[in-house]
Structure formats: structure tokens, C-alpha cells
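Working notes, structure below.
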Amino acid sequence: MDSQIYGASNLLSLAFLALLSITASALPANSAGQINSNSVLVALLDSHYTELSELVEKALLLQTLEDAVTSHNISIFAPRNEALERDLDPEFKRFLLEPRNLKSLQNLLLFHMIPTRIQSNHWPVGPRKKPVLHSSLCRDAAGELIPLHEKNGQKIVGTARVIKSDDIVRPDGVIHGIERLLIPKSVEHEFNSRRSLRETSAVIPEGAPEVDPRTHRLKKPAPPVPAGAPPVLSVYDALAPGPSLAPAPAPGPGGPHHHFDGESQVKDFIQTLLHYGGYNEMADILVNLTSLATEMGRLVSEGYVLTVLAPNDEAMAKLTTDQLSEPGAPEQIMYYHLIPEYQTEESMYNSVRRFGKVKYDTLRLPHKVVAEEADGSVKFGHGETSAYLFDPDIYTDGRISVQGIDGVLFPAAETAAPKSAPVAKVVSKPRRGMFVY
């Protein structure tokens, strides 16, 4: 008898423990003070609202949302991915992702979450129903409430239309899909103030006024030159004395405002020469052997235009050591191949067809290069040092024109054979002990 009672008591204790375990597992997640795999927060992170979930992780809101979920049910209004990826203003998105604007990003995301469980059957329905106002999890919303109402049979949250009501339902919350982003006024005000501050701070400071040392009065500022206007000075006034080029201070529309990016244009045409092939020696002289690439970039930045007659590698290989060994010889050779005009193959061919011979100024003063028609093309120079237009319009961008030629050009004075100087005869009386031959 006693043994039967003892066995029955064991069965009762085991049944009570099983009931306790079943009851504990059936309790909601917030009763244990932590979330489980069935939480609405976990469902959000694993849902198709990938853009919103990424922003939640970037905003460091996981701990805040865990605390909210463990304390009460929440309703999340999740914008579709396109609203955060393509439809969002790029400048506003860049503002949200800046580290210093982390608080604005957090307020924006928390404004989409309500600490109340609202499902589709809780929505105010009917035209006479007034909008129901709810406060969000955003504490810095300055009392701004989110209105829920219905319009033309569609559920509306603030200014966004609900496209998927009750999309994700969990014991501790519900997620509704909306078509657009909800922006609180506090975040909008912060964005506008930062943007206006950036525009104000981006004003380029002007230099201090200059005083004329002769009259001790302020110098009158030069009249403004519109962008794209021709240079005020000629290209020769921008040349410093000596073998190197140096532009005068702000002679043209470039000036301190840099309307033309000459350095990028020169770099672009040199890269074009290298990709085109057959002009590596020319590019090497401009960049490595001399500083002409930098000087050409400065000229173009000041508003000047250039036409480059580029000898190919076969022509450059014919140069002798004596022609390149003298100081400044590479620069002088290249100066003779730079024309301070913008000419294309068509314009030069039309000129020589119409006028016969045409003389173009070069940056090697006072020499000029002669062009004429020959065999249906343009021929530069004269005599043995002439060169034909071999590769027309290798590079043309409106500021720099590069024309490939098959020879290296030299001025006429250098190509002419030097005449032997007359020997002066000195007649003197012979001295004693000297012989006269």
C-alpha cells in the first residue's frame, strides 16, 4: 500500500515539472527579459526589407530595439527597398550616412516604430473616422505624432501609403510595408541647417587689397573675364625669358578660378599618345626629359590653346647625340613643334589648299613652321627636314590638338649648312730669328 502511494507521488511530481517547462516555453519573449528567434526584431533583420535592416545596424540601434521589444509590443512601418536605395535624394542619403549625423539617422529610423501593436483590423476605417495619432520611439521628435487614417480605401501612415499591411506578424510586434520614407521635422530641419551652413562656408575667400607702392592707393581690381573668353595677353607675353615656359599671373580666364583644367587635359593627351602607339619617345621627352608637360598644362589652364606636331618614334630615333646633348636642346626642339593655335587636320589642309604656303607661329621665337600641300596631305618644313602629316587628329578636345608627323622639324637657320668664315691674312714684318711660311 505504501509502495503504491510512493509511486503515485513520483508520477505527480514528474507531471508538475513537465507542466512548468511547457508553461515557461509558452511565455512570450519579453517575460524572460530577452528576445528569442520568434521576435519581430529578428524577423526584421531576416526579412526582405534589407535596406532598412542595414540602416538599423549602421545606426547602432539593435540594443535600443531589444529593450523596446522586451518591454512592450511594437509596430514597425518598413519602407520598401527602392524608397531607400533609388528614390531617396542622394544628398540626403549622404547626410544620413555621415558619422557625425548618427543621431539624425537614429531619430529617422525610430520615427518608423510605434510602441503599440497595431494590426490591419485596428486601423480607423471610414471617411468620417478621424486620424488616430500615435507617438513613435523617437524621443527627439519634439512631440511630433504619426497619424493613421484611411483614404480612398487605402491605409495611410503619415504621408506614406501602406502597400503590405500585416506583412510580418510576431508575438511581440507587427511589420507593415510602406511605399516611402517618413521623415520627422527635426531631421529635416537638421539637414537643411547643415546644407545651408555648407553652402555658406564654401565661399572662396578673396585676397587682401593690394596697395600701389608709388601712389599709396588701392589698386583697382581687374575687370572680370567671362569663362571661355580668349586670353587677355598673347601667348608670348605668358612666356618667361629663357628656355622654360611660365605663365604670367592670371593673364586669362583661368586665373584663380581655374575654368580650364590644363593639367588634366595635358595628362589626357599624353595618355592618348601612349595608347595610340608609336609616340612613346615624344611622351617621354614631355614628361621625363623636360618639364614641358607641366608648362603646357599651365598655359592651357590660363586659357591658351595649343597644336602639337608630334614626331613618331621612327623620326625621333634619327636624332643624333649631338642634337640632344647641348643644354636646352630638347626643349628648343619641342618648342618648334608647338603652335599657339588650335588647328585640326581639316583646317590646316583647307588653309594650304587655299593659300599655298602657310606659316604658323611656334613657341620657339622668332621661328615659324611652314606648311604646304603635298600628295594630298600637309607637308611641314622644307628640304631634307620636312615632315608629312602622318596620323591626323590623334587628340582634339577644343584646347589641345595633337597631329602626328613622320619627321622632326628644325628651323631653316639650323638646317642650312654653315658657311666657312673667311680667314684674315695678317701681314707683318718678319722679326729676327723667325720664319714666315
Side-chain angles (χ1 to χ4, degrees), residues 26-80 83-84 96 102-125 129-150 155-190:
L27 288 174
N30 53 13
S31 62
Q34 59 183 359
I35 64 173
N36 56 25
S37 59
N38 200 31
S39 171
V40 68
L41 179 58
V42 177
L44 173 65
L45 298 179
D46 294 338
S47 67
H48 56 275
Y49 299 106
T50 55
E51 293 292 329
L52 179 62
S53 61
E54 288 180 5
L55 289 179
V56 168
E57 294 180 0
K58 289 181 180 179
L60 307 178
L61 286 177
L62 293 179
Q63 186 61 44
T64 303
L65 295 181
E66 285 182 8
D67 297 340
V69 168
T70 53
S71 59
H72 44 66
N73 273 229
I74 65 173
S75 298
I76 302 176
F77 301 102
R80 56 194 180 96
L84 295 172
L96 293 175
L102 178 63
K103 192 64 177 178
S104 298
L105 178 60
Q106 292 176 344
N107 293 335
L108 177 75
L109 297 177
L110 292 176
F111 192 70
H112 291 74
M113 304 174 188
I114 295 177
T116 307
R117 186 182 185 88
I118 301 176
Q119 292 187 232
S120 58
N121 54 354
H122 301 153
W123 225 274
V125 180
K129 286 283 187 178
K130 294 183 179 180
V132 179
L133 303 179
H134 290 273
S135 61
S136 64
L137 292 179
C138 178
R139 298 180 180 178
D140 298 334
E144 185 178 359
L145 302 177
I146 301 177
L148 305 182
H149 63 284
E150 188 183 55
K155 298 179 177 61
I156 306 296
V157 180
T159 58
R161 179 173 58 90
V162 178
I163 56 178
K164 286 186 178 181
S165 58
D166 297 341
D167 189 13
I168 300 175
V169 179
R170 293 292 185 270
D172 54 357
V174 61
I175 299 178
H176 303 281
I178 59 177
E179 65 171 348
R180 59 191 301 183
L181 194 67
L182 301 177
I183 303 177
K185 294 181 180 180
S186 59
V187 176
E188 185 178 356
H189 175 71
E190 182 70 17

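Every heavy atom of this structure was used, including side-chain atoms; hydrogens, water molecules and symmetry mates were not.
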* N/O donor-acceptor pair under 3.5 Å between H122 side chain and Q119 backbone ->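 Yes, H122 side chain to Q119 backbone: donor-acceptor pair under 3.5 Å.
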
Would you say [X] and [Y] make side-chain contact, with heavy atoms under 4.5 Å?
{"X": "V174", "Y": "I76", "value": "no"}
{"X": "I118", "Y": "L148", "value": "yes"}
{"X": "I175", "Y": "V40", "value": "yes"}
{"X": "V69", "Y": "R170", "value": "no"}
{"X": "D166", "Y": "H176", "value": "yes"}
{"X": "I178", "Y": "R80", "value": "no"}
{"X": "V162", "Y": "V157", "value": "yes"}
{"X": "I156", "Y": "E150", "value": "no"}

Least distance between heavy atoms, [X] atom then [Y] atom:
{"X": "R117", "Y": "P171", "value": "NH1-O, 3.4 Å"}
{"X": "S47", "Y": "I168", "value": "CB-CD1, 3.6 Å"}
{"X": "F111", "Y": "I146", "value": "O-CD1, 2.9 Å"}
{"X": "L84", "Y": "P79", "value": "CG-CB, 4.4 Å"}

Please tabulate, one pair per line, all N/O donor-acceptor pairs under 3.5 Å involving side-chain atoms of residues 132-141, not counting sequence neighbours.
from	atom 1	to	atom 2	distance (Å)
S136	OG	C138	N	3.3

Discussion item. Just verifying a value: how many Å separate I183 CD1 and H189 NE2, rounded to the nearest 0.5 Å?
Written reply: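 Spacing of CD1 (I183) from NE2 (H189) equals 15.0 Å.
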
Review point. Rounded to the nearest 0.5 Å, how far apart are NZ of K164 and OG of S120?
Key: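 K164 atom NZ to S120 atom OG measures 15.0 Å (nearest 0.5 Å).
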
Under the criterion salt bridge (Lys or Arg N to Asp or Glu O under 4.0 Å), I'd like the reasoning laid out for R161 against E179: C-alpha separation, chi angles, the key distance, then a yes or no. CA-CA 6 Å; R161 179 173 58 90; E179 65 171 348; 3.4 Å; yes

Quiz prompt | Derivation of the side chain to side chain contact (heavy atoms under 4.5 Å, CB included) call for L96 and L108 | solution = CA-CA 9 Å; L96 293 175; L108 177 75; 3.5 Å; yes

Quiz: residues 50-62 side-chain donor-acceptor pairs under 3.5 angstrom, not counting sequence neighbours:
from	atom 1	to	atom 2	distance (Å)
T50	OG1	N81	ND2	3.4
S53	OG	Y49	O	3.2
S53	OG	T50	O	2.8

**Asked** Side-chain donor-acceptor pair under 3.5 Å between D172 and H72, yes or no?
**Response**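 Their side chains do not contain a donor-acceptor pair, so the 3.5 Å distance test is not met.
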
* **Centroid-centroid under 6.0 Å between H112 and F77 rings** =>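 Not under 6.0 Å, so no.
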
Set out, in order, the CA-CA distance, both residues' side-chain angles and the distance that settles side chain to side chain contact (heavy atoms under 4.5 Å, CB included) for L65 and L110, then state yes or no. CA-CA 9 Å; L65 295 181; L110 292 176; 4.0 Å; yes

